[in-house]
Amino acid sequence: MFHRKKTVWLYLAPGLLGLLAFYAIPFCWGVWFSLTDGTIDNRFVGFANYLRVWQNEIFQLGLKNTIELSLLCAPVIFVLSFILASMLRKHVQGDGFFRNALLMPYLMPSAALLIIWQLMFDYGGVMNRVVVSLGMERVFWLEGAALRTPIVLLYIWKNLGFSVVIFTAALQAVPESLYEYASLEGAGYFKRELYITLPQILPTAFLVLVLAMVNAFKIFKEVYFIGGAYPVESVYTLQHYMNNKFAKLDYQDVTTAAYSFAVIVIVLFLLLYRTKSVRQGSSAA
Amino acid sequence: MLSRKIVVLLVALTLCVGTYSPALAISTFSVSFSSTEAQEDPPASIAAANGALYVLTTEGRLGRIELSTREKTEVGKCLYTGYLGDADQVAKAKEEDPLAPAADQLFTYEGKLYGLCSATGEWTRLLDDVGMLSPVPMEPVLDTLNLMQKEEDFSYVLTPSSFFVQDDRLFYTILSYSMNGATTIAGQIDLKTGENKGFQTKNLTELAAWKDGKLLCRIFDEANAYNSQTGEVLYAQYGLFDPETDSFEALGELGNGSIFGGMASTGICASPDAGTLYYAVGSRIMGLSIATGESHVSAYTGEGMYGSLSGNAQTLFVDGYYVKKGYDEIQLYALDTDAVRGGALRIFGEFGSDAHKSFSQAYPDIPVDVGDEYTNQLDKLTAAMVSESDPYDVLLLDFSYMPVDKLQQKGYCMELSQFPEIMETLSQMDPAFTAPLQADGKLYAVPVGMNATTFSVDLKIWTEELGLSEDDLPKTYAEFFDFLGHWEDDFADDHGDVPLVRFSPIGDIFFSLMLQDYMTYMQSRGEPLRFDTELMRRLLTANEQVDYTGLDSGETVRDWNKGVLFDPTYSLSQFNYYNYYDSKPTPLFLSLEEGGTPVIGANLSVLIINPKTQRREQAVLYVNHYLQNLAKAGENITLFPDHNEPVENQYYARNQRDLQAELDKQNQLLEAAEESRQAEIKAEISMLEERIADIEKNRYDVSPEQIAQFREKIAPMLFINRQSVFLSGNTSELAKLFEQYMQRAITQDQFVKELDQRLRMMELEEQ
């Protein structure tokens with residue numbers, strides 16, 4: 001038994017070493033870094049950096065915007081992808097094309113998407129033509145507070161396909177016999193989805209939700225490409241704060257902001273996991 | 001005949017002016033030599049024979065430097081023919097001194113020293129067996145066509161970068177610069193037959209003697225120093241060159257970390273016995289093992305990052321020394337000494353100022369190394385300061401564009417107030433320049449450079465062509481924009497050929513200058529930088545009245561002889577600011593407000609010392625030495641209010657003396673001349689008098705009047721630009737806004753509000 005254990009650890013060693021070198025040690029080092037003053041002597045200052053960063057107005061703005069954008073994007077992606085996956089569940093002619101078409105934005109570089117989006121939302125672009133044809137005033141989509149709309153739409157458009165693929169795979173794994181049995185029992189569409197589909201794909205749905213949330217928290221590239229390092233206040237995210245601080249050598253502020261944010265995200269996911277456990281527990285009961 | 005003489009005189013003077021300075025002054029990294037000769041005889045060629053280095057100067061002195069004793073002696077006098085373009089000129093010069101051997105290049109052949117006259121192809125053995133000058137003409141005459149540049153009505157001698165004999169053949173390479181770019185010429189002259197054979201191998205820029213019938217070579221396309229696709233620098237290659245087949249075998253790249261790439265790896269020479277190739281990169285001499293391809297630092301030159309860019313510097317390896325024929329002196333660097341192995345004082349950001357270079361001359365025992373890279377990014381700077389391998393000891397930074405304040409806050413600047421020697425030197429400096437470099441009453445950086453520019457107007461065009469008076473000159477930006485706004489109506493018809501500025505786009509140039517002045521103005525008032533102000537809106541409105549599309553031809557005025565009305569880059573801090581054309585530029589000080597005093601932004605270069613330096617004493621010595629050797633025609637006056645000595649042009653005395661001597665000679669000739677020649681001589685006298693008058697006019701690099709004007713008028717207007725949050729943030733963001741505003745894609749109101757919003761974010765991030 002002892003010998004087997006040693007062999008197991010030997011096999012695990014390369015992976016564990018990598019994990020240690022590239023994750024665990026840098027993580028701990030980062031924590032230490034956030035507790036120092038960042039001068040050439042790097043003196044220990046306790047939680048002073050955390051207090052200062054949390055009191056910083058622009059950090060608060062970035063945090064608020066990041067949470068708002070995440071809460072806006074993640075549920076939309078979750079619901080839309082479920083609906084689209086449900087529509088693509090059955091093997092019909094051309095379903096492969098639609099799946100690929102939905103996945104295409106995810107595979108395209110953000111910079112390329114940005115060009116399309118700028119053409120769409122430019123002052124003289126497609127969206128404003130639609131707006132004018134509806135008898136309304138043109139909008140500066142890429143300026144001011146309105147910038148949030150194209151960014152949210154861009155983010156959803158880009159990331160929707162990935163969630164659809166995951167949902168579709170999960171949906172296609174649900175045995176068709178369950179639906180046939182339910183139909184024989186007289187269950188309608190919504191009842192089938194609610195009592196058969198959802199319980200069957202709950203782990204996948206949870207994964208999609210978590211991924212959507214994680215990705216939404218990292219929303220930055222899209223904003224950066226459109227609005228730059230200092231966009232309008234409505235789309236200034238926490239990533240902006242960290243990115244700009246990094247460029248100014250305020251590594252302590254970067255790590256402090258990053259760990260603060262990590263704590264928030266971890267707490268949020270613990271809550272999500274707890275909700276899932278409770279739900280799974282009640283389903284089992 | 002007369003015109004030919006004039007051309008020869010002009011070419012000779014031009015070459016003198018281009019290369020003059022202390023001559024036969026020998027500097028070596030490890031041993032100090034002092035100059036004993038007059039300071040007006042630069043080296044023309046070098047060669048080594050029997051453990052000694054021989055130098056031919058541009059006045060024909062043949063000098064010998066014993067490397068073992070470092071003793072310098074003058075062996076004799078040659079007729080230097082480097083300024084003589086053909087055989088007739090050489091023959092005429094020989095009439096005056098028939099015994100002196102004619103030579104412009106030296107070389108060593110079978111252990112003997114020879115001189116070559118490029119214009120005639122004649123070569124002479126110069127020394128007898130005991131080393132005394134005893135010229136013996138040699139046969140056959142050599143074909144030296146490739147060593148000469150033929151122009152339409154005259155020719156001149158080219159300067160080779162490599163010139164040596166191996167296997168009875170004289171090898172040469174020449175890098176010739178012209179309006180069409182750099183051209184490489186390489187070839188060999190058979191000393192037995194005199195036959196010349198040019199090599200066809202492309203970009204063969206340098207050769208070095210090697211063994212087994214082969215040579216070492218440097219291959220680099222000077223015209224394509226950068227990859228046009230990626231913008232990356234390209235490196236020079238080194239390899240074995242076979243002169244028989246005119247082909248080379250590439251062995252590798254002359255690697256370096258220099259931002260100048262292959263242009264910085266120059267001056268190859270080799271030690272065949274040690275199997276090592278030596279070359280210069282910036283401030284280093286690298287030794288590269290041909291067998292292994294590995295390189296190491298063999299010596300430090302005390303130069304800056306530009307140090308090795310000279311394309312035609314002849315180099316030799318002589319008994320453990322790397323010898324370089326510089327423009328004004330011979331430099332000898334002892335290779336692989338213990339001092340070099342012990343590392344060097346590391347300097348960042350020094351491109352090769354005189355103040356820097358003089359340090360190694362004053363302290364030859366302290367190796368000084370200048371880093372290859374150049375960055376204004378804070379993270380790279382700090383990483384380089386705390387690096388475990390070769391951290392920087394002293395950094396030369398731009399106070400207005402580099403994060404000096406931030407470095408100070410983070411503890412990356414040593415407190416300099418603790419060093420009495422530095423503080424004593426600084427006590428003479430204008431406190432306006434040191435005040436911004438202090439924190440809590442302590443000094444963290446010392447100013448060593450100051451740059452201030454402003455508009456200038458060409459008064460000749462203004463008054464003579466436009467018919468305006470000096471009273472009509474605009475005094476505020478509003479008046480200036482008003483003038484531009486009315487240009488089309490008032491002047492374009494009659495003076496459409498007068499360019500407003502040299503470069504395009506005009507609108508952007510004026511707008512950015514106005515913005516810069518506005519920021520300086522706000523800083524000088526101690527107010528936070530904001531653009532949504534009444535003053536800024538007034539300025540923008542005034543600027544908006546100008547239709548730049550009508551004013552801007554979109555082309556650069558490439559003819560430097562053509563005057564332009566306004567020059568936005570007029571230097572107030574460099575007194576010998578050179579005007580390319582016959583004009584009368586006068587600084588134009590524009591105030592931002594009616595009745596206000598103009599404020600001129602000045603950018604400082606500062607030196608800081610790394611607090612982690614292991615060479616603290618040397619670093620302090622360097623900084624203090626630097627401070628005491630600032631540019632005579634610049635910072636030595638602008639930074640020190642009590643330094644009011646005018647600076648005479650270094651060529652004035654010599655040129656004046658030579659021309660006066662020539663004038664006296666011509667006057668004597670005139671007295672004795674027949675009537676038929678008198679007109680010709682009178683014309684020459686007249687030309688010489690004009691030149692003397694011209695030289696008198698340009699006697700000073702910094703005249704007493706210029707110093708007085710600086711003290712009374714310019715200095716009170718200067719304000720030191722700090723790196724504002726505006727510049728420390730992502731400037732591309734702001735550039736985008738400027739572009740949008742200039743293209744009228746956003747309104748004035750949007751522009752100022754968006755700018756302020758971004759500034760506010762930047763400021764908040766700083767908290």
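A note on names: the letters A, B, ... follow the listed sequences, proteins ahead of strands, and every chain is numbered from 1.
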* To do: Specify whether A:F27 and A:Y259 have parallel, tilted or perpendicular ring planes, treating 30° as the upper limit for parallel and 60° as the lower limit for perpendicular.
  => perpendicular

* To do: Name the region of A:V232, side chain, backbone, both or neither, that has any atom closer than 4.5 Å to a heavy atom of chain B.
  => both

* Select one option (side chain, backbone, both, neither) describing which atoms of A:E233 are under 4.5 Å from chain B's heavy atoms. => both

* **Structural part of B:Q409 lying under 4.5 Å from a heavy atom of chain A** => backbone

* Asked: Ignoring hydrogens and geometry, is there a side-chain-to-backbone donor-acceptor pair from B:S387 to B:D390 under 3.5 Å?
  -> no

* Side chain / backbone / both / neither for B:E765 at chain A, heavy atoms under 4.5 Å -> both

* Asked: For A:S260 and A:Y50, does a side-chain donor sit closer than 3.5 Å to a side-chain acceptor?
  -> no

* Portion of A:N42 that has a non-hydrogen atom of chain B nearer than 4.5 angstrom -> neither

* **Interface moiety of B:Q740 toward chain A, non-hydrogen atoms closer than 4.5 Å** => side chain

* Looking at side-chain heavy atoms only, is the closest gap between A:Y236 and A:I58 below 4.5 Å? -> yes

* Structure fact -> Heavy-atom closest pair (A:A212 atom, A:I77 atom, distance to 0.1 Å) is CB-CG2, 4.3 Å

* Side chain / backbone / both / neither for A:F59 at chain B, heavy atoms under 4.5 Å -> neither

